[in-house]
Amino acid sequence: MPRPLVATIHLAAMQHNLSIARQCTPHARVWGVVKANAYGHGLARGMRAFAAADGLALIEVDAAVRLREMGWQKPILLLEGFFDETDLPVLAAYHVQTAIHCHEQIDMLERAALASQIDVHLKMNSGMNRLGFQPNAYRAAYERLRAIPAVRNIILMTHFANADDAVNVNLSLGEQVRRFQGATEGLPGERSISNSAAVLMRPDLPSSWVRPGIMLYGGTPGGKTAEEFGLQPAMTLSSEIIGTQNVGAGEAVGYGSRFVVDRPMTIGVVACGYADGYPRHAPNGTPIMVAGERTRLVGRVSMDMITVDLTGIPGARIGSKVTLWGNGMPIDEVANAAGTLGYELMCALAPRVQVVEE
Ligand SMILES: *Cc1c(COP(=O)(O)O)cnc(C)c1O
């Protein structure tokens, strides 16, 4: 028998979440973002669940090729563009669109003299200061691209630093939109600006293509809970209690004796640890569901196990079902307790975890 730890991927939830993105931005076309192995859910599953998307967007060139080999016929976009000159013939052969964020990429495009044309997404650094051309250098980059015969459409693209935080004092979404609008005024081409947070909270933005990721997997990008946005969890990570201990007051649990029992307590041992992708930095008190009841993590997360408080769950015993996150236990709550994001937990699901789909 395999370990009782299983990640169940809910394809219907992914389809539902895509329909929420459509409802929010009915006039936009939707890239289903499937980078990082579809945020840990599996590239092939992402492709099937997002069959109704207008295109799939990702980071990895090899995964873009795999999408074509698996039969995806609609557009594919590399969100960071290509990384090497040798990628370019691959993009042309497999009809993969690419972001362009620096002059070095344009140099490579000029030199490549591709046999067929490709669509490019010209990325503006509108304030995040990660990838992209500064607003005052954007038009020159546009003109350079326009002069390359292998470039077909140029889509105008930027990315928000704080779409989930309308009042950020360092860089508001409104300021990024102003910079983008100002620098692209009069330039022909479709616009691609919105991530999940903008789709959910600023559906009014003039984004002809939207790029939702986290919301498709049932995680919140911030602002409200996933449930309040009408999103459904796409991954449930479940396991079982594989051991119990009755521990007396004053005794400690696990490595480093981080948790000391203050009154006699039954501890449950769950088959799931940091080698499965559970965050090692999760503190005492991180929520978890055992036998349908919410309880808490106690003691340090080990490589293959965690320990939980079974007080108040008299029915819990070896074999009781545990939900680490997913249906009934929002991943964002677990992430929040551990000082991280649902994004990181999904993406970090370890290869040794058995994955099933429903
Ligand atoms: C990952 C990514 C997205 C999706 O972001 P979410 O917050 O998951 O919706 C959108 N655009 C770009 C450029 C990305 O890299």
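Excluded from the calculations below are hydrogen atoms, water molecules and symmetry mates; all remaining heavy atoms, backbone and side chain alike, are included. For ligands, and for the atoms within them, numbers begin at 1 and follow the listed sequence. We're numbering straight along the sequence, starting at 1.
- Environment of CD in Glu85: crowded, with over 12 heavy atoms of neighbouring residues, nucleotides or ligands closer than 6.0 Å.
- Looking only at heavy atoms of the protein, atom 12 (C) of ligand 1 is closest to His159 CE1, 3.4 Å.
- Just one residue in the list Val298, Ile313, Ile241 forms a side-chain contact (heavy atoms from CB on, under 4.5 Å) with Val308, and that residue is Ile241.
- Donor-acceptor pairing under 3.5 Å is lacking for the side chains of His101 and Arg130.
- Atoms of ligand 1 found under 4.0 Å from any heavy atom of Ile214 (numbered from 1 in listed order, with element): 6 (P), 8 (O), 9 (O).
- Remark: the backbone N or O of Ser238 is not paired with any side-chain donor or acceptor of Lys321 at under 3.5 angstrom.
- The shortest contact between atom 9 (O) of ligand 1 and any protein heavy atom is with Ser196 OG, 2.5 Å.
- The shortest contact between atom 7 (O) of ligand 1 and any protein heavy atom is with Tyr343 OH, 2.6 Å.
- Among the atoms of Asn195, none of the N or O lies under 3.5 angstrom from an N or O of ligand 1.
- When the heavy atoms of Phe160, Tyr217, Tyr39 are ranked by distance to atom 5 (O) of ligand 1, first place goes to Tyr39.
- Of all the heavy atoms of Leu79, the ones lying under 4.0 Å from any atom of ligand 1 belong exclusively to the side chain.
- Salt bridge annotation for Arg144-Glu110: present, with a cationic side-chain nitrogen under 4.0 angstrom from a carboxylate oxygen.
- Lys35 NZ, 3.1 Å is the protein heavy atom nearest to atom 14 (C) of ligand 1.
- No N or O atom of Pro212 sits closer than 3.5 Å to an N or O atom of ligand 1.
- Not one N or O of Met157 is nearer than 3.5 Å to an N or O of ligand 1, by distance alone.
- With Ser194 contributing its side chain and Val199 its backbone, the two residues share no donor-acceptor pair below 3.5 Å.
- Taking the ring centroids of Phe133 and His103, they lie under the 6.0 Å cut-off.
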Discussion item. Using the rule given for side chain to side chain contact (heavy atoms under 4.5 Å, CB included), can you reason through Phe229 versus Met215, listing the C-alpha separation, both sets of side-chain angles and the distance that settles it, and then say yes or no?
Written reply: CA-CA 9 Å; Phe229 283 127; Met215 69 175 290; over 6 Å; no
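- For ligand 1, one of its N or O atoms has an N or O atom of Arg211 under 3.5 Å away.
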